[in-house]
Amino acid sequence: MICEAASMFGNNLFSMWLVLTFLGLTSCLGMSSLTFAKLYWNPSYDVWRFKCNPKFPKPEHVRTEILLTIKCISLSTMLPALSLYLAAQGKSQAFCGWGGRSVGWHLGSLAALIISIDFFEWGYHYLGHQVPAMWKQHKSHHKFYNPTPFSVIADEAVDQLVRTMPMLLSVIMPINMDVLFGLFAVMFYAYGVYLHSGYELAWPDAHHPIINTSFQHYLHHAEGAVGKPRHTGFFIKLWDQLADGDSTAHMLKSG
């Protein structure tokens with residue numbers, strides 16, 4: 001599907017961007033809206049008791065999240081559009097389907113992409129809390145100390161552009177574009193909706209040894225500041241543990 005879109009619209013970079021922006025608006029706002037309706041629109045007690053912060057955000061905060069998300073979707077589709085444009089022009093190593101490669105190659109590539117992109121996202125996010133100049137770009141995201149599913153990419157322009165840079169990996173190495181786009185759509189946005197949902201699950205809970213959960217990301221929004229990186233990781237918890245940024249581990253240790 002991705003390669004078909006590239007062949008159909010890829011000769012015109014602006015058209016490719018428009019198509020991806022439309023798809024991004026419908027899919028991202030759709031996922032966020034459905035989750036918001038389930039968790040925030042008159043939830044039952046059995047639902048509410050899993051909320052990380054018992055209070056609900058003000059309507060104006062949710063409105064700001066939505067407006068920022070709409071703006072950021074148009075920004076976050078720029079580099080993916082460029083990636084498909086370069087593929088259509090034969091200026092990258094992108095491919096779709098099996099590409100003449102084995103199942104083992106694809107599984108290894110998938111694992112490598114998940115680990116490397118997650119580390120990249122953590123590293124950039126970590127620096128955004130350590131470097132004052134980068135914090136100026138990132139701090140608007142922390143206006144939402146009690147986030148909702150609409151705040152996943154409610155950021156500023158620089159953050160969005162940098163975080164989508166892995167979409168250009170096909171310029172330097174063979175990449176299955178179906179897998180790469182799927183990772184960003186499902187793992188990074190869909191999982192981001194869960195992280196920003198403001199609700200914990202019975203499983204995985206906050207003490208899961210490998211992955212970050214919604215409670216950890218709630219703590220990140222509530223506690224994180226310049227010089228105070230807390231749970232800046234997205235999926236894999238190891239990066240925060242190595243950087244001593246795992247607040248839940250500190251809380252558990254202190255009792």
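Heads up: numbering here begins at 1 and tracks the sequence. Being a predicted model, the structure only gives us computed values, none of them experimental.
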*asked:* Rounded to the nearest 0.5 Å, what separates atom CG in Asp118 from atom OH in Tyr191?
replied: 9.5 Å

_Within this structure, what is the CZ-CH2 distance for the pair Phe234 and Trp122, rounded to the nearest 0.5 Å?_
16.0 Å

*asked:* Given 3.5 Å as the limit, does a donor-acceptor pair link the side chain of Asp246 with the main chain of Gln241, or not?
replied: no

*Within the side chain of Ser83, is there an N or O that forms a donor-acceptor pair under 3.5 Å with the backbone of Met167?*
yes

_Walk me through whether Trp239 and Phe119 qualify under ring pair (Phe, Tyr, Trp, His ring centres under 6.0 Å)._
CA-CA 7 Å; Trp239 319 132; Phe119 179 77; 5.0 Å; yes

*Just by distance, do the side chain of His231 and the backbone of Asn212 share a donor-acceptor pair under 3.5 Å?*
no

_Asn146: which of His221, Lys51, Lys58 passes side chain to side chain donor-acceptor pair (under 3.5 Å)_ = Lys51

_Phe150 and Leu68: CA distance, side-chain angles, deciding distance, side chain to side chain contact (heavy atoms under 4.5 Å, CB included) verdict_ = CA-CA 9 Å; Phe150 287 111; Leu68 270 177; over 6 Å; no

*Indicate, with yes or no, if Trp48 and Tyr40 share a hydrophobic cluster defined by side-chain heavy-atom contacts under 4.5 Å among Ile, Leu, Val, Met, Phe, Trp and Tyr.*
yes

*Do the side chain of His208 and the main chain of Pro204 share a donor and acceptor less than 3.5 angstrom apart?*
no

*Donor-acceptor contact below 3.5 Å, side chain Gln216 vs main chain Thr213*: yes

*asked:* Would Leu25 and Ile70 count as a side chain to side chain contact (heavy atoms under 4.5 Å, CB included) here? Give the steps.
replied: CA-CA 7 Å; Leu25 284 169; Ile70 292 172; 4.1 Å; yes

*Side chain of Ser116, backbone of Ala112: donor and acceptor closer than 3.5 Å?*
yes

_Closer than 3.5 angstrom, by distance alone: can the side chain of His125 be matched with the main-chain N or O of Thr232 as a donor-acceptor pair?_
yes

*Are Leu161 and Val152 connected in a single hydrophobic cluster, I mean Ile/Leu/Val/Met/Phe/Trp/Tyr linked by side-chain heavy atoms less than 4.5 Å apart?*
no

*With rounding to the nearest 0.5 Å, note down the distance linking OH in Tyr218 to OH in Tyr199.*
13.0 Å

*asked:* Any carboxylate oxygen within less than 4.0 angstrom of a Lys/Arg side-chain nitrogen, looking at Asp240 and Arg230?
replied: no

_Between CZ on residue Phe184 and CG on residue Leu79, distance to nearest 0.5 Å_ = 9.5 Å

*Please check if the side chain of Arg101 supplies one atom and the backbone of Gly99 the other of a donor-acceptor pair under 3.5 Å.*
yes

*asked:* Between Lys228 (side chain only) and His129 (backbone N and O only), is there a donor and an acceptor less than 3.5 Å apart?
replied: no

*Run through the side-chain heavy atoms of Ile, Leu, Val, Met, Phe, Trp and Tyr, join any pair under 4.5 Å, and report what else lands in Trp135's cluster.*
Val226

For residues 30-38, run the donor-acceptor check on the side chains, cut-off 3.5 Å, and write out each pair with its distance to 0.1 Å, sequence neighbours left out.
from  : atom 1 : to     : atom 2 : distance (Å)
Ser32 : OG     : Cys28  : O      : 3.2
Ser32 : OG     : Pro149 : O      : 2.8
Ser32 : OG     : Tyr189 : OH     : 2.8
Ser33 : OG     : Leu29  : O      : 2.6
Thr35 : OG1    : Met31  : O      : 2.9

*asked:* Using side chain to side chain contact (heavy atoms under 4.5 Å, CB included), reason through His142 and His220 one step at a time and then give a plain yes or no.
replied: CA-CA 9 Å; His142 281 262; His220 169 72; 3.2 Å; yes

*Anything under 30° is parallel, anything over 60° is perpendicular, the rest tilted; go ahead and classify Trp105 against Phe95.*
tilted

*Under 3.5 Å, is there a donor-acceptor pair linking the side chains of Tyr194 and Glu200?*
yes

*Donor-acceptor under 3.5 Å (Asp155 side chain, Gln160 main chain)*: no

*State plainly whether one hydrophobic cluster holds both Ile115 and Leu110, where clusters connect Ile, Leu, Val, Met, Phe, Trp and Tyr through side-chain heavy atoms under 4.5 angstrom apart.*
yes

*asked:* Run His141 and Asp159 through side chain to side chain contact (heavy atoms under 4.5 Å, CB included) and show every step you take.
replied: CA-CA 10 Å; His141 189 62; Asp159 278 358; 5.7 Å; no

_Exercise: do Thr21 and Thr77 side chains pair donor with acceptor under 3.5 Å_ = yes

*Can Glu156 and Lys71 be counted as an ion pair, charged N to O under 4.0 angstrom?*
yes

_Working to the nearest 0.5 angstrom, can you tell me the gap between His138 NE2 and Leu127 CG?_
11.5 Å

_Spacing of Asn176 atom CG and Cys96 atom SG [to the nearest 0.5 Å]_ = 6.0 Å

_Is there a path of hydrophobic side-chain contacts, each under 4.5 Å between heavy atoms of I/L/V/M/F/W/Y residues, joining Leu75 to Phe14?_
yes

